[in-house]
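Right, one structure below, let's go through it.
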Amino acid sequence: MSYNFKKTEEKWQKYWSEHHSFEAINGGDKPPYYILVEFPYPSGSGLHVGHVRSYTAQDALARMKRMQGFNVLYPMGWDAFGAPAEQYAIKNHIHPKDAVKENIKTFKKQMQTLGFSFDWNREFSTTDPEYYKWTQWQFLQFYKHNMAYKDSVSVNWCPNCKTVLSNEDAAGGVCERCGCEVVQKEKEQWMLRMGDYAEDLLKGLDDTNFADKVKLGQINWIGKSSGVEVDINIVGGGKFSIFTTCIETIYGITFFVIAPDGKLIKELMPRIENKEEVMAYINETAKKSNMDRTELNKGKSGCLVKGIKAINPVNGKEVPVFLGDFVLGNYGTGAVMAVPSHDQRDFEYAKEHNIEMIQVISGRDVSEAAFEKHDYLGKGCKLINSGEFDGLTVEEAKKKITEKLVKEGIAREVNNYKMRDWIFSRQRFWGEPIPMIYCKKCGWQPMKEEDLPLVLPDVAEYEPTESGESPLANISDWVNTTCPKCGGPAKRETDTMPNWAGSSWYFLRFMDARNDKEFASMEAMKYWNKVDWYNGGMEHTARHLLYARFWVQFLYNIGLVPNKEMIWTRVSHGMVLGSNNEKMSKSKGNVINPDDIVNEYGADTLRVYEMFMGDYEQDAPWSTDSLKGCKRFIDKVIRLYDKVNDKEGYSKDLESLQHKTIKKITNDLVTMAYNTAVSALMILVNAYEDKDSVTKEDYHLLLTLLDPLAPHISEELNEKLGYKPLCESSWPVYDESKTVDNELEIAVQVNGKLRGTIKIRKDEDDEVVKKIAFDVENVKHNIEGKEIKKVIVVKNKIVNIVAI
RNA sequence: GGGGUCGUGGCGGAACUGGCAGACGCACCAGACUUAGAAUCUGGCGGGAGACCGUAGGGGUUCAAGUCCCCUCGACCCCACCA
């Protein structure tokens, strides 16, 4: 049988498109099933073989689910705002939307040649005004519910380029573009009160089916820690607060450390005797704020704050106060109690600055530098040098000391979270404009909802401003407007939203993508209910997922979505690495372009190979040799066509294997075991090949099972057999009783070592099995002269004879 | 410093709630068909001559450990002075 894969693949892609085979309709009798893959950022370099891996995996699931009778939604769109498109546009003096348009075209064409069963009817880009209208509208809801506010935040600033830099662009404290030193600069930014949702975001995880590692990622990012906030009096009046998770060590305080970038030090300034020294240290910290402080001066830098002494509330001891950049101004209270005997960083700091240490937990020699924080926990260590609390265990002391301080009214039990409010402003052109207007008279005013979308201006020239405002600030036609409240002259916000904004709710839009009255109707969202299956990269399981969940929870709280969690299962896939086992990159010259592979080997081969290459959740290196093996497999399937005979029904001797294979693939496609699904198909094909001929139905079954992975060739051969298209057919059902052989071969061990195998009937009586086992020559030989202690028979599995 | 993932042939990887380690594929070797090659087919393929030894290394639990427990080593990723 001859076969032109190019023509065939095009033929079926055309068929699916013309027959609307994969377009989901909201409603109907079939149960809904929503499969989502992260929509890509359409970069200029085109689709990556990594995209192909996850899209194929979810495509296989989608195709099987459709055949199983589900109403499957498998949509695709574009996350197209962001810096790369903006950079490209500045350089080439074109509008980023034009660059994005081109890239989307390329991506879409590539996806179509791979035969993914996306519902193209619901396609959109986050950069479409029809879409970002609703992103802006939702921002207004945040604002109206007091969830958005402006605050001063320090940003990475390059004095040379006069631009705000992301943490990535400012890596190592050096501007990526010009190489000059990055400084910190205070800037007013829009913030979303995500911190308020910390506890809800933790609790909400119970209503999801995320993989454990994904849940852990979320939990770690939220970073809850429970402790005590204590008021500390300053000698001569005044006070400040500290936060600690180890209140039991409070008698060991020998100094306090406050953050150089916090508010407290500014308040204390008038009373400080060594102002110059302190100021110098503050400035130094500001400079290196984003550098890797750890490497330079691990936890040791700082200076004494002269003129300020603080009082330990439990024993009245007066101790010095230091400034140290290991304390962060924006976490906890920006001040800590230092107990060098029981905290690594405090210890190092104390050693550097010659500060006294007091041991307050027994069982540790503090002069040894090698101790670990929390090492004493749960080991029965007792408190010492702690007044009335001496002799208590750590656990008891934690409770008792907290109780006492709370009773005295100088302490509170509090939870702290690493997760902060979301900095929502970007000083960039290519993002959703924030729909706020500043009026000198009325202050910040939200735009009227009916005036949305606020579209980006249609210009092709824009450079960042001197002061680091967004390029939008230069476009005066756009900036100058009128106040929605008083009608007087006013200016638009020129900051835009972060890339994370549009991707925080796109999965809702897919449920009702063409709605021009609402972002999605409640009816549509209730119909699809939740994303059943969300696949993406491990790198997005912390931030993107958290932002999306926060966004949804907010919408839920104001009654706009039906569930507090709109994503049920989240799974992640491994990367496709270059053949040298390193991340693919142009500079390393190890990039594989999917187009080349499709042209030379066909889409089906690429699909099968990417599913076969390894554990889906693990990274896997590219191997063109292995790819060729998959091509051979497909050729074998094609050659089998010539072996089809004209007998009716299935071949009896294939029955058991066929049922096993159906079971294996049906399960593997929902447990992400795509590689073993392929190997099961290979085994089935090998079995067919070993026979002189197979029946039409045998062959049809094989093609049906292969269809999710290699749909073009499967459809083609299936059509030649005279069946209706597979995309309109049903998934086969296996009979459990036929997946187990009636006669099996099991192992016989003597003292745990394999000594032979025996053939038995399924579920054979234990005594009979024993008898057969003892009859094996090698077994006899190995138990000769020994006493039989015990014989273990595990049904249908193994016999183990214990003999001494 | 914290967290995560993981370590199985020459390679990618299989092995369900502990039960014949190395499925399936690649590479390689030998043979068949060919003037020759490609393609295809047949056989072999962890180590060792062997008893046996083998899942990073060392202990442990068990009739039985790649799988469970403890320790050590190593790789990769994420967050990182989080009090």
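Per chain, numbering begins at 1; letters A, B, ... match sequence-line order. Side chains included, hydrogens not; waters and symmetry mates left out as well; all remaining heavy atoms used.
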Taking a pair to mean Watson-Crick or G-U wobble geometry with both distances below 3.5 Å, B:A83 pairs with none
Against the side chain of A:Pro621, the closest entry in B:C63, B:G13, B:C24 is B:G13
Of the candidate nucleotides B:A83, B:G19, B:C24, which contains the atom at the shortest distance from the side chain of A:Met682?
B:C24
If only atom types and distance count, is the side chain of A:Arg53 paired as donor or acceptor with the main-chain N or O of A:Gly574 below 3.5 Å?
yes
Grab the CD-C1' distance between A:Glu610 and B:G13 for me, whole Å please.
16 Å
Scan side-chain atoms only and decide if A:Asp763 and A:Asn796 contain a donor-acceptor pair under the 3.5 Å cut-off.
yes
Classify A:Glu617 by what it touches in the nucleic acid, base, sugar-phosphate, or nothing, heavy-atom distance under 4.0 Å.
nothing
Is it the case that B:C26 (base atoms only) and A:Asp625 (side chain only) share a donor and an acceptor within less than 3.5 Å, ignoring hydrogens and angles?
no
Nearest of B:G13, B:U5, B:C26 to any side-chain atom of A:Asp615?
B:G13
Would A:Thr671 and A:Tyr616 count as a side chain to side chain donor-acceptor pair (under 3.5 Å) here? Give the steps.
CA-CA 10 Å; A:Thr671 53; A:Tyr616 181 67; over 6 Å; no
Checking A:Asn590 against A:Ser585: is there a side-chain donor and acceptor pair closer than 3.5 Å?
no
Base, sugar-phosphate or nothing for A:Val794? Non-hydrogen atoms, less than 4.0 Å.
base
Using a 4.0 Å heavy-atom cut-off across all strands, classify A:Arg755 as base, sugar-phosphate, or nothing.
sugar-phosphate
Phosphate OP1/OP2 of B:G25: any A:Asn686 side-chain N/O under 4.0 Å:
yes
Nearest heavy atom decides the nucleotide; on that basis, is A:Gly752 or A:Gln749 closer to the 5' end of RNA chain B?
A:Gln749
May I have the distance from A:Lys664 (atom NZ) to B:C24 (atom C1'), rounded to whole angstrom?
11 Å
B:A83 versus B:A23 - spacing of their P atoms, nearest Å:
49 Å
Whom does B:C28 pair with, Watson-Crick or G-U wobble, provided both distances fall under 3.5 Å?
B:G44
Check A:Lys224 with A:Glu199, please: is the shortest side-chain N to carboxylate O separation under 4.0 Å?
yes
Can you tell me the base-pairing partner of B:U55? Count Watson-Crick or G-U wobble geometry only, both distances below 3.5 Å, and say none if there is no partner.
none
Would you mind telling me which of B:G19, B:G12, B:U40 lies closest to the side-chain atoms of A:Arg632?
B:U40
Strictly below 4.0 Å, N to O, side chains only: are A:Arg412 and A:Asp231 in salt-bridge contact?
yes
Under 4.0 Å between any heavy atoms, over every strand shown, what does A:Glu689 touch: base, sugar-phosphate, or nothing? Just pick one.
sugar-phosphate
Take atom C1' in B:U8 and the same atom in B:G12, then report the distance between them in whole Å.
12 Å
Just by distance, do the side chain of A:Ser626 and the backbone of A:Ser623 share a donor-acceptor pair under 3.5 Å?
no
Of the listed nucleotides (B:G3, B:C63, B:U5), which one gets closest to any side-chain atom of A:Asn220?
B:G3
When you compare B:C16 with B:A65, how far apart are their P atoms, in angstrom units rounded to a whole number?
16 Å
What is the distance from CZ of A:Arg543 to P of B:A80, rounded to the nearest Å?
8 Å
Would you mind classifying the nucleic acid contact of A:Ser225 as base, sugar-phosphate or nothing, using non-hydrogen atoms under 4.0 angstrom?
sugar-phosphate
Base, sugar-phosphate or nothing for A:Asn751? Non-hydrogen atoms, less than 4.0 Å.
nothing
Need one value for A:Lys753: base, sugar-phosphate or nothing, where a base atom within 4.0 Å counts as base even if backbone is also close, heavy atoms only.
sugar-phosphate
Should B:G9 be called syn or anti, with syn set as within 90° of 0?
syn
Could you state the atom-to-atom distance from CG of A:Leu754 to C1' of B:G19 in whole Å?
11 Å
How far does the P atom of B:G22 sit from the matching atom of B:C71, given to the nearest Å?
32 Å
Using whole Å, report how far CH2 of A:Trp221 lies from C1' of B:A80.
10 Å
Between B:G48 and B:G1, how far apart are the C1' atoms? Round to whole Å, please.
47 Å
Phosphate contact (B:C82 OP1 or OP2) by A:Tyr417 side-chain N/O below 4.0 Å:
no
C1' gap between B:G7 and B:G58, integer Å:
16 Å
C1' gap between B:C76 and B:U42, integer Å:
42 Å
May I ask you to say what A:Thr244 touches in the nucleic acid, namely base, sugar-phosphate or nothing, with a heavy-atom cut-off under 4.0 Å?
sugar-phosphate
Give me the distance, rounded to whole Å, that separates B:U34 from B:G25 when you measure between the C1' atoms they each carry.
27 Å
Base paired to B:C76 (Watson-Crick or G-U; both N/O distances under 3.5 angstrom)
B:G4
Using a 4.0 Å heavy-atom cut-off across all strands, classify A:Leu216 as base, sugar-phosphate, or nothing.
sugar-phosphate
When rounded to whole Å, the CD1 to P distance for the pair A:Ile242 and B:A83 reads 12 Å
Whole Å only: how far is the NZ atom of A:Lys636 from the C1' atom of B:U40?
11 Å
Taking atom NZ of A:Lys780 as the centre, report whether more than 12 heavy atoms of other residues, nucleotides or ligands fall under 6.0 Å from it.
yes
Give a yes or no on whether the backbone of A:Gly536 and the side-chain of A:His573 come within a donor-acceptor separation of less than 3.5 Å.
yes
It should be established whether A:Ser626 places a side-chain nitrogen or oxygen under 4.0 Å from OP1 or OP2 of nucleotide B:C11.
no
Upstream residue (5' side of RNA chain B) when A:Gly629 and A:Met613 are each assigned their closest nucleotide:
A:Met613
For A:Asn675, report the nucleic acid contact type (base, sugar-phosphate, nothing); a contact means any heavy atom under 4.0 Å.
sugar-phosphate
Within the 4.0 Å heavy-atom criterion, would you say A:Asn416 contacts the bases, only the backbone, or no part of the nucleic acid?
nothing
Mate of B:C68 across any strand shown (Watson-Crick or G-U wobble, both atom pairs under 3.5 Å) is B:G60
Distance, rounded to the nearest Å, where A:Lys224 contributes NZ and B:C79 contributes C1':
20 Å
Nearest to the side chain of A:Phe326, heavy atoms from C-beta on, is which of B:C20, B:C6, B:C81?
B:C81
